[in-house]
Amino acid sequence: MKFITWVVFIASIVLFSSVYISPEYFEYVGLLPFFIPIILVVNVVLFGILTLSWRKLALIPLLTMVIGYKFFLITIQVRSNNEPVEGLRVLSYNAHLFDYKSRTEGKFDPNVFNWLSEQPADVMVFQEFYQDYTTASRNAIKLLGSDIGFNVSYQIIEGNPSKRSYGMAIFSKYPIVNEGKVFDNNRTNGAIFADIKVNEDTIRIYNAHLESMKINSKGLEDIEGVKENYRQTLGKLHRGSLARSKQLKVLVDHYSNSPHPIILMGDLNEIPYSYTYFKLGESLQNAFEIAGRGFGFTYNRILFFLRIDHIFSSPELIPIQFKTHREVDYSDHYPVSAVFTWEGLEL
């Protein structure tokens, strides 16, 4: 038992340390954090067994849990139900190109536009945003923008600007006084920003969609699928984490030079136990950690236990509410929203 305890301790320290190492400098290090939830459970179980056995060795897993307390905090939040609060309301959604079909008729389902237009959000950001000027029911900029009084910053990644295109978008009830593109990779990933004027204050909104994991979820639905696809999946996870670490450098450099407090939202394709998440956490705070409830899982497919859509902010912008909208199951991601306040805010 002593040998197992020390092996678990060493493995735990290695895994905990992996979140501080960029995949650019150590090959496949980006895969190690996926094992952190497992090692946390192992330590809890080991602590229970050793404690019930009245073994002093129980201090080792206890020490491990103390060292890794941060990982418990980012995994689950225990709070009472969200009460109505006042502040700047933001929402982030990977819209999956709004390519949804009615379950009964098999035709395009516009209900997501109804849900979004009824949200109390002051700012909405979209990844995989699809715009179609040729079809009224798919004219997202009109339906979610001009029709309900939102200002729009839309950065096209690919397509015809006057007909059909896709990219990333920021919608704001407040005036947009500046906008721009941080980067894009000419597919579906990228990052954009918009400065919004909230009374006398200016807030910079970032909408980020980092390199996708490209996991074939359907191929992992059973044991046979896992056996056939695990090598390919590991390769995709490695290449994805490496690409995101490079994109992260560009993003961090950009927001570090922002003249205004920032809110960074989007589909980051990173679990909380990752180099990207911890790098962002060095200067920003995560809304789920401060105001969330439960596990906050945001992926709407077989790997349901992933929280890869995040909302970060500058320390002076205080999240007072966070919610994962699991009632909205159109896309392969659930929308996430938060409410922020700050000193001097008047609405």
Side-chain angles (χ1 to χ4, degrees), residues 86-95 116 119-129 131 140-141 144-146 148-157 167-184 189-210 247-248 250-268 276 280-281 283-288 290-291 298 309-323 325 333 335-345 347:
E86 293 298 322
L88 179 70
R89 299 177 179 274
V90 303
L91 181 144
S92 174
Y93 186 33
N94 182 322
L116 289 167
Q119 291 308 297
D122 303 305
V123 177
M124 296 187 292
V125 307
F126 298 94
Q127 308 86 45
E128 297 188 22
F129 181 87
Q131 171 60 21
I141 287 180
L144 301 176
S146 56
I148 56 177
F150 273 77
N151 302 291
V152 183
S153 174
Y154 174 42
Q155 301 289 339
I156 296 174
I157 292 179
M168 306 185 69
I170 298 173
F171 288 68
S172 171
K173 285 184 178 179
Y174 295 98
I176 295 176
V177 297
N178 185 27
E179 61 183 320
K181 183 182 293 185
V182 180
F183 72 87
D184 74 66
N189 306 118
I192 66 175
F193 75 93
D195 295 340
I196 65 172
K197 193 75 172 178
V198 184
N199 300 326
E200 299 303 315
D201 300 313
T202 302
I203 307 297
R204 175 161 291 184
I205 304 295
Y206 281 95
N207 178 11
H209 186 195
L210 301 188
Q247 294 170 346
L248 179 66
V250 179
L251 184 58
V252 171
D253 182 65
H254 197 283
Y255 74 64
S256 296
N257 290 291
S258 170
H260 313 294
I262 76 162
I263 297 175
L264 189 159
M265 299 180 276
D267 172 11
L268 303 185
T276 294
L280 291 172
S283 56
L284 306 176
Q285 56 190 358
N286 185 273
F288 170 79
I290 297 176
T298 67
D309 300 81
H310 305 283
I311 300 178
F312 287 86
S313 69
S314 299
E316 58 265 46
L317 304 179
I318 304 169
I320 53 178
Q321 189 177 86
F322 180 93
K323 183 176 181 180
H325 296 269
H333 291 251
V336 293
S337 66
V339 181
F340 288 89
T341 188
W342 58 88
E343 185 177 353
L345 172 63
L347 297 175

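What you see below is based on every heavy atom in this structure, not just the backbone, and it leaves out hydrogens, waters and symmetry mates.
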Novice: Any side-chain donor paired with an acceptor under 3.5 Å for Ser337 and Gln119?
Specialist: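 No donor-acceptor contact under 3.5 Å links the two side chains.
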
Novice: Is a donor on one side and an acceptor on the other found under 3.5 Å between the side chain of Asn286 and the backbone of Phe312?
Specialist: no

Novice: For the pair Ser153 (side chain) and Ala194 (backbone), establish whether a donor and an acceptor sit closer than 3.5 Å, ignoring hydrogens and angles.
Specialist: no

Novice: For the side chain of Asp122 and the backbone of Arg89, is there at least one donor-acceptor N/O pair under 3.5 Å apart?
Specialist: yes

Novice: Applying ring pair (Phe, Tyr, Trp, His ring centres under 6.0 Å), name anything that partners Phe288, two or more places apart in sequence or on another chain.
Specialist: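 So Phe288 forms a ring pair (Phe, Tyr, Trp, His ring centres under 6.0 Å) with Phe322.
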
Novice: What pair of heavy atoms forms the shortest contact from Ile196 to Ile176, and how long is it?
Specialist: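 Smallest interatomic distance, heavy atoms only, reads CG2-CG1, 4.2 Å.
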
Novice: For the side chain of Ser314 and the backbone of Glu316, is there at least one donor-acceptor N/O pair under 3.5 Å apart?
Specialist: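 Not confirmed, Ser314 side chain does not pair with Glu316 backbone.
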
Novice: Rounded to the nearest 0.5 Å, how far apart are NE2 of His310 and OG1 of Thr276?
Specialist: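 Reported to 0.5 Å precision, the distance equals 9.0 Å.
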
Novice: Using 0.5 Å steps for rounding, measure from the CG atom of Asp184 to the NE2 atom of His209.
Specialist: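 Output value for this atom pair is 12.5 Å.
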
Novice: For the pair Tyr255 and Leu284, evaluate side chain to side chain contact (heavy atoms under 4.5 Å, CB included) and give the outcome as yes or no after the intermediate values.
Specialist: CA-CA 10 Å; Tyr255 74 64; Leu284 306 176; 3.8 Å; yes

Novice: Measure the CD-CE distance between Glu128 and Met168 for me, rounded to the nearest 0.5 Å.
Specialist: 9.5 Å

Novice: Applying side chain to side chain contact (heavy atoms under 4.5 Å, CB included) between Tyr206 and each of Ile263, Leu251, Val125, report the one that passes.
Specialist: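 Single side chain to side chain contact (heavy atoms under 4.5 Å, CB included) partner of Tyr206 among Ile263, Leu251, Val125: Leu251.
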
Novice: Do Asn207 side-chain atoms and Phe126 backbone N/O form a donor-acceptor pair below 3.5 Å?
Specialist: yes

Novice: How close do His260 and Thr202 get, heavy atom to heavy atom, and via which atoms?
Specialist: CB-O, 3.4 Å

Novice: Check for a donor-acceptor pair, side chain of Thr298 on one end and backbone N or O of Asp309 on the other, with a separation under 3.5 Å.
Specialist: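 Yes; at least one donor-acceptor contact below 3.5 Å.
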
Novice: Working to the nearest 0.5 Å, report the span between CD of Glu179 and CG of Asn151.
Specialist: 10.0 Å

Novice: How close do Gly145 and Val152 get, heavy atom to heavy atom, and via which atoms?
Specialist: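 Smallest interatomic distance, heavy atoms only, reads CA-CG2, 4.0 Å.
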
Novice: Taking only residues two or more places apart in sequence, or in another chain, which ones meet Lys197 in a salt bridge (charged side-chain N to carboxylate O under 4.0 Å, His left out)?
Specialist: none

Novice: Does the distance from a Lys or Arg side-chain N to an Asp or Glu carboxylate O, for Arg204 and Asp195, drop under 4.0 Å?
Specialist: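 Looking at Arg204 and Asp195, the cut-off is met.
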
Novice: Taking the side chain as every heavy atom from C-beta outward, state whether Gln127 and Ser92 have any pair of such atoms under 4.5 Å apart.
Specialist: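 Touching, per the 4.5 Å side-chain cut-off.
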
Novice: Do Phe129 and Phe171 have their ring centres less than 6.0 Å from each other?
Specialist: yes

Novice: Checking Asp201 now: which residues fulfil salt bridge (charged side-chain N to carboxylate O under 4.0 Å, His left out) with it, not counting sequence neighbours?
Specialist: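 With neighbours one apart ignored, the set is empty.
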
Novice: Under 3.5 Å, side chain of Lys181 to main-chain N/O of Ile156, donor-acceptor pair present?
Specialist: yes

Novice: Does Val182 form a side chain to side chain contact (heavy atoms under 4.5 Å, CB included) with Val250? I'd like the steps, not just the answer.
Specialist: CA-CA 8 Å; Val182 180; Val250 179; 4.0 Å; yes

Novice: If you compare all heavy atoms of Ile318 against all heavy atoms of Pro315, which two are closest, and at what distance to 0.1 Å?
Specialist: CG1-O, 4.2 Å

Novice: Can you name the residues that form a side chain to side chain contact (heavy atoms under 4.5 Å, CB included) with Glu200, not counting sequence neighbours?
Specialist: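 With neighbours one apart ignored, the set is empty.
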
Novice: Drop me the distance from Leu116's CG to Tyr93's OH, to the nearest 0.5 angstrom.
Specialist: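 Reported value, rounded in 0.5 Å steps: 7.0 Å.
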
Novice: Show your reasoning for whether side chain to side chain contact (heavy atoms under 4.5 Å, CB included) applies to Asn189 and Asp267.
Specialist: CA-CA 9 Å; Asn189 306 118; Asp267 172 11; over 6 Å; no

Novice: Holding to side chain to side chain contact (heavy atoms under 4.5 Å, CB included), I want the full list of residues that pass it with Gln285, two or more places apart in sequence or in another chain.
Specialist: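 Here the qualifying residues are Ile290, Ser313, Pro319.
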
Novice: Looking at Phe150 and Ala121, what are the two nearest heavy atoms and their distance?
Specialist: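 Minimum heavy-atom contact is CZ-O, 3.3 Å.
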
Novice: Does Gln131 reach the main-chain N or O of Ala140 with its side chain, forming a donor-acceptor pair under 3.5 Å?
Specialist: yes

Novice: His325: which residues meet the ring pair (Phe, Tyr, Trp, His ring centres under 6.0 Å) condition with it, sequence neighbours left out?
Specialist: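 Per chain and number, His325 pairs via ring pair (Phe, Tyr, Trp, His ring centres under 6.0 Å) with Trp115.
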
Novice: Working to the nearest 0.5 angstrom, can you tell me the gap between Leu345 CG and Ile203 CD1?
Specialist: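 Spacing of CG (Leu345) from CD1 (Ile203) equals 8.5 Å.
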
Novice: Nearest heavy-atom pair of Met265 and Val123: which atoms, and what distance?
Specialist: CE-CG1, 4.3 Å

